[in-house]
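Values below: every heavy atom of this structure, side chains too, minus hydrogens, waters and symmetry copies.
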Amino acid sequence: MLWNPEDWDAVLARTEKLRSHGPAPLTALQGLLEKVPDAERKTVADLGCGTGALLPLLADRFGHCVAIDYAPRTLARARKSCVGGSVRFRRRDLRDLTPFRNSFHVAVAVESIVGPRLEDIDRMLEQVRRSLVEGGRFFAVFPAMQRQDPPRPMRLAGHDHSVDMLCFHEVELQYRLTRHGFQGIRLRRVRDEDAGKDKLLATSTARANN
Ligand SMILES: C[S@@+](CC[C@H](N)C(=O)[O-])C[C@H]1O[C@@H](n2cnc3c(N)ncnc32)[C@H](O)[C@@H]1O
C-alpha cells in the first residue's frame, strides 16, 4: 500500500470513533498541551488531523487553530464534527507546507508523520520545522518499534525499501528529529491498548540555526 489520500479515506471511513488509536497517547499529549504557556495568544496546527479527534481541545485552548490533512473525505468529516469551532481547515500534503512557513507556535502530529518511505518522513519533518516559528514547539506521536522486535540497524537516507508503515526506535527518532532542526527532544513510550502496541510521544523545539 502506498498510503495515498484515498487509502487513508478508506481506512478512516471504517472507524466509527473520531480517533484512529487508543486514548492513552491522546491523554499524554493533552497533559503536555495544557502546559503550553499563553496558549490563547498562539496558533496551533493539527497536522494530519484525520477525523478531528484533537480539534475541540486545540480550538478551546489556543487562540487560532489550523487543521491540515490531505485526505478529502476525512477532512470533510473533521470539518463536520467541529461545527461552531473556530478552526481553519486546509487540504494539504504535509510534504509541502510552503504556505505555512513560520506560521505556527505549536504543531501537533498524531500518527500522521507516517508511511512506508523514509524520504517522505524526512521531508515531512523538515516541512514541519519550517512551518514553526523559532522556538516553536512540536508534539508528535509516532509508531514505535516494539520491545520484542528484533534489533535492526539505523536507517539512513537511501535505505528506502519498506513496503509497510515505518516504525521507529528511540535512537532513530532522536536522530531524525535532530537532523531536521529540532532540539530539546524528549521521547516517551506510551502504550496504545486499542492497538496493543507502544507508541512514541515526542516533544521538541524548532531551532532555525541548527
Ligand atoms: C493514523 S491517521 C491519524 C489521524 C489523527 N491525527 C488521529 O490521531 O486520529 C493519519 C492521518 O494523517 C494523514 N496523512 C498522512 N500522510 C499525510 C500527508 N503526507 N499529508 C497530509 N496528511 C497526511 C492521513 O490522511 C490521516 O488522516
Backbone N or O of [Y] within a donor-acceptor pair of the [X] side chain at under 3.5 Å?
X	Y	answer
Arg61	Leu33	yes
Thr27	Pro25	no
Arg91	Tyr70	yes
Asp7	Asn4	yes
Asp69	Leu75	no
Arg191	Gly196	yes
Asp198	Gln146	no

For this session: Measure the shortest side-chain to side-chain distance between Thr51 and Ser81 over non-hydrogen atoms and say whether it is less than 4.5 angstrom.
Result: no
Exercise. Hey, does Asp194 have a side-chain heavy atom less than 4.5 Å from the side chain of Pro23?
Worked result: yes
For this session: Flag yes if more than 12 heavy atoms outside Arg188 fall under 6.0 Å of its CZ atom; otherwise flag no.
Result: no
For this session: Mark yes when over 12 heavy atoms from residues, nucleotides or ligands other than His169 sit less than 6.0 Å from its NE2; otherwise mark no.
Result: yes
Show the nearest heavy-atom pair for residues [X] and [Y], with the distance to one decimal.
X	Y	answer
Leu200	Ala144	CG-CB, 3.7 Å
Arg176	Leu125	CB-CD1, 3.9 Å
Leu29	Leu54	CD2-CD2, 3.7 Å
Ser204	Phe182	OG-CD2, 3.4 Å
Ala202	Leu187	CB-CD2, 3.4 Å
Leu55	Ala67	CD2-CB, 3.7 Å

Is there a path of hydrophobic side-chain contacts, each under 4.5 Å between heavy atoms of I/L/V/M/F/W/Y residues, joining [Y] to [X]?
X	Y	result
Met165	Val11	yes
Met145	Phe168	no
Met124	Leu118	yes
Leu32	Phe62	yes
Val133	Ile185	no

Quick one: [atom1] on [X] to [atom2] on [Y], what's the gap to the nearest 0.5 Å?
X	Y	atom1	atom2	value
Lys35	Thr203	NZ	OG1	10.0 Å
Cys49	Arg90	SG	CZ	12.0 Å
Arg207	Arg129	CZ	CZ	11.5 Å
Cys82	Lys80	SG	NZ	13.5 Å
Glu126	His180	CD	NE2	6.5 Å
Arg186	Leu177	CZ	CG	14.0 Å

Under 3.5 Å, side-chain donor or acceptor atoms of residues 41-48 against the rest of the protein: list the pairs with distances, not counting sequence neighbours.
residue: Arg41; atom: NH2; partner: Asp38; partner atom: OD1; Å: 3.4
residue: Lys42; atom: NZ; partner: Pro37; partner atom: O; Å: 2.9

Problem set entry | side-chain contact (heavy atoms from CB on, under 4.5 Å) between Arg189 and Lys199, intermediate numbers included | CA-CA 6 Å; Arg189 243 168 213 270; Lys199 304 285 163 73; over 6 Å; no
For this session: Report the residue from Leu97, Ile113, Asp122, Asp93 that forms a side chain to side chain contact (heavy atoms under 4.5 Å, CB included) with Gln127.
Result: Leu97
For this session: Could you check whether the rings of Trp8 and Trp3 sit parallel, tilted or perpendicular, using 30° and 60° as the cut-offs?
Result: tilted
Exercise. Got a salt bridge between Glu119 and Arg123, using NZ or NE/NH1/NH2 to carboxylate O under 4.0 Å?
Worked result: no
Problem set entry | Criterion side-chain contact (heavy atoms from CB on, under 4.5 Å) on Leu57 and Gln30, from CA distance to verdict | CA-CA 8 Å; Leu57 169 81; Gln30 197 167 333; 3.8 Å; yes
